[in-house]
Amino acid sequence: MILELSDISKRYGKKEALRNVNARLETGIYGLLGPNGAGKSTLMNIVTGLLKQNSGTVSYEGRDIESLGKDYRKILGYLPQDPGLYPFYTGRQLLSYFAKLKDIKSPESRINELLELVHLSDDADRKVGEYSGGMKKRIGIATALLNKPSLLVMDEPTAGLDPKERIRFRSIISKIKYESIIIISTHIVSDVEHIADNIILMDEGEIIISDKCTNLLDSIKDKVWYAETENSRVLEYTEKYKIVNAVNTDISHTGLKIISDEKPVDNAKPVYPELEDVYMYYFGSDD
Amino acid sequence: MFKNELKKSMYGMTPIFVIFTICYFLVLIFSKDSFDDRMVQYYREYMETLEGELDYEKEVFIENEYERVIVTMEINNELVMNGQNIDLEAMQYAIDHQSAFDIIYEKYNYLSGLESKEEQVFYYDLDWQNFFEKTSINYFEIFILIIVALYSITLEYYDERNVMIKTSYKGRLPYIVAKQNSLLFLAVTFSFVFFLTELIYMLFTMDITMLSLPVRSMTEFSGLSVSLSIGEYIIIRGLYHVLFCMVTVLIMCMIGLFVKRFQTGIFIGLVSMVIPLALRNIADEKYTIWIYSVHMSKDMAICTYGVNGVWVAVVLMVMVYFINLLLWCGIKHKF
């Protein structure tokens with residue numbers, strides 16, 4: 001499975017939302033990261049066929065998605081940030097409704113399978129309006145997965161979920177990662193860190209970097225430092241360096257995780273980077 | 001998909017629908033008739049004499065009555081002005097019968113002008129006039145259709161539901177076709193139920209042996225271009241009514257697709273009802289027909305447009321239907 005984006009550009013009036021975006025996506029999970037206004041949503045809308053680009057092509061398996069038309073939607077699963085769920089349907093009725101929209105014949109077994117996967121079998125006959133935020137997100141995921149999509153696009157799928165729900169989400173996605181191209185757009189870096197094979201970093205309508213997660217981490221492995229300092233000097237460090245994290249180590253000292261090309265202070269020790277450090281390396285502390 | 005969209009549109013709407021139908025029925029029963037009782041009494045008395053085809057004897061009777069009522073009034077008014085004595089008994093008769101006779105005389109002149117002898121018929125038509133007047137404009141139904149159609153389409157724009165639908169295999173053309181068909185089905189059902197309400201009311205309150213009489217014998221239907229019996233007219237009226245309801249839901253669907261918000265849609269929908277109402281009082285006579293048409297005033301619309309009105313409604317319906325397809329699917333996108 002290959003999804004290819006070639007020279008995608010999109011303008012809203014004079015504002016250029018996307019500028020010559022190129023990417024080749026194969027089976028696996030892609031974390032789409034970037035600050036607000038980076039162009040993530042526009043890119044996802046174009047990939048899902050909701051928006052038409054001004055120039056460039058999106059092709060799936062070598063064919064333009066425009067020419068694929070509804071056949072493209074047959075292999076597509078999309079989970080928006082606030083998945084549109086009808087509160088008057090029960091979980092099972094909602095899945096049946098979307099199964100019809102997705103043209104799934106005899107969907108009962110698939111519905112049961114998905115309810116099991118998202119741990120909602122016991123609540124399947126309750127009204128969606130009575131579900132908690134996490135349950136709504138899970139039934140949304142099940143909806144997106146109904147047609148066994150080869151391309152699954154998710155916008156902020158973990159927003160509003162508690163830590164337990166996030167772990168559950170990761171586990172669901174991990175189970176299907178070998179069958180589909182999965183694009184997860186998020187601000188929450190830690191959510192994709194553990195599951196994404198590849199990371200796409202976007203800013204100002206362009207892809208800054210796109211690579212395997214491990215390569216990205218390796219690329220800054222000698223640029224992340226840990227240093228302890230007196231509390232009174234924290235502000236001075238913050239102004240001077242990109243600080244990823246600050247934790248009080250005792251009553252008068254703070255441990256700082258610093259991004260810097262060179263050793264920032266004598267007592268700084270190099271530490272192995274995390275994805276959040278990569279994000280901070282490229283986008284700085286302002287975001 | 002059709003069934004699903006129907007279910008979604010009707011969710012929470014059934015009680016509103018039932019309440020409005022009952023209210024409408026009650027309004028039909030308890031709303032006041034437009035004519036005052038004394039006038040009705042004298043009009044009925046006249047009709048006992050005049051009922052049936054217009055002939056020479058009836059013409060003579062009307063001319064005599066003209067003398068007794070209109071001329072007497074004129075003469076006695078002059079006598080009063082000059083301070084002379086008047087014939088009190090004759091004057092009382094004229095005063096009592098004047099309003100009823102005015103209608104009779106107007107009707108007589110109207111019937112005399114009709115080409116078809118079969119339509120030159122006197123019958124007691126005040127009840128029918130009341131019936132048509134009461135059921136001509138149905139605000140209950142327009143209101144409920146505006147609510148249902150706007151609710152049904154704007155509910156898809158909450159929480160990005162439209163996005164989930166549009167990225168589904170059948171989420172573009174098949175979806176919007178099913179949605180519009182379900183709304184049309186609702187419009188037909190609603191209009192039929194309201195029409196049925198009118199028929200039930202008619203069966204219990206009207207003399208249905210009169211259904212075969214020509215409707216054009218009533219002066220209010222002078223503009224009607226075809227010759228129809230009251231019964232036939234009621235059926236055509238029903239057809240008009242169904243078509244108007246269908247056009248209404250499709251137009252509301254279009255407004256919903258534009259504004260995407262229920263509240264804004266309701267505001268626009270209601271304003272579109274109120275503006276013609278306000279205009280009715282100030283607008284030029286020639287716009288009155290349009291205003292009544294907007295308000296689904298069946299009688300005015302049928303009299304003005306005749307059978308052509310059906311075609312206008314059908315063409316409008318097809319146009320709006322396709323505009324809605326484009327609005328949902330997007331002009332640049334493949335369906």
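A, B, ... follow the sequence lines: proteins, then strands. Residue 1 opens every chain.
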Does a sphere of radius 6.0 Å around [atom1] in [X] hold more than 12 heavy atoms from other residues, nucleotides or ligands, not counting ones at 6.0 Å or beyond?
| X | atom1 | value |
| --- | --- | --- |
| B:Phe2 | CZ | yes |
| A:Tyr12 | OH | yes |
| A:Lys148 | NZ | no |
| A:Arg126 | CZ | yes |
| A:Glu116 | CD | no |

Closest-packed option against chain B by number of heavy-atom pairs under 4.5 Å, given A:Leu76, A:Ile75, A:Asn45: A:Leu76
B:Lys8-A:Tyr89 side chain donor-acceptor pair, cut-off 3.5 Å: no
Polar side chain donor-acceptor pair, B:Glu156 to A:Tyr86, under 3.5 angstrom: yes
For the atom pair [atom1] ([X]) and [atom2] ([Y]), what is the distance rounded to the nearest 0.5 Å?
| X | Y | atom1 | atom2 | answer |
| --- | --- | --- | --- | --- |
| A:Phe88 | B:Lys7 | CZ | NZ | 9.5 Å |
| B:Tyr169 | A:Lys102 | OH | NZ | 13.0 Å |
| A:Lys100 | B:Glu5 | NZ | CD | 11.0 Å |
| A:Asn147 | B:Ser168 | CG | OG | 7.5 Å |

Per-residue contact mode, A:Thr143 against chain B (heavy atom under 4.5 angstrom):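 Contact with chain B involves the side chain of A:Thr143 alone.
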Chain A interface, residue from B:Arg161, B:Lys170, B:Glu160 that has the most non-hydrogen pairs under 4.5 Å: B:Arg161
Minimum side-chain heavy-atom gap A:Tyr78-B:Met164 below 4.5 Å: no
The single option from B:Asn4, B:Thr167, B:Ile165 passing side-chain contact (heavy atoms from CB on, under 4.5 Å) against A:Leu101: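 Result for side-chain contact (heavy atoms from CB on, under 4.5 Å) with A:Leu101: B:Ile165.
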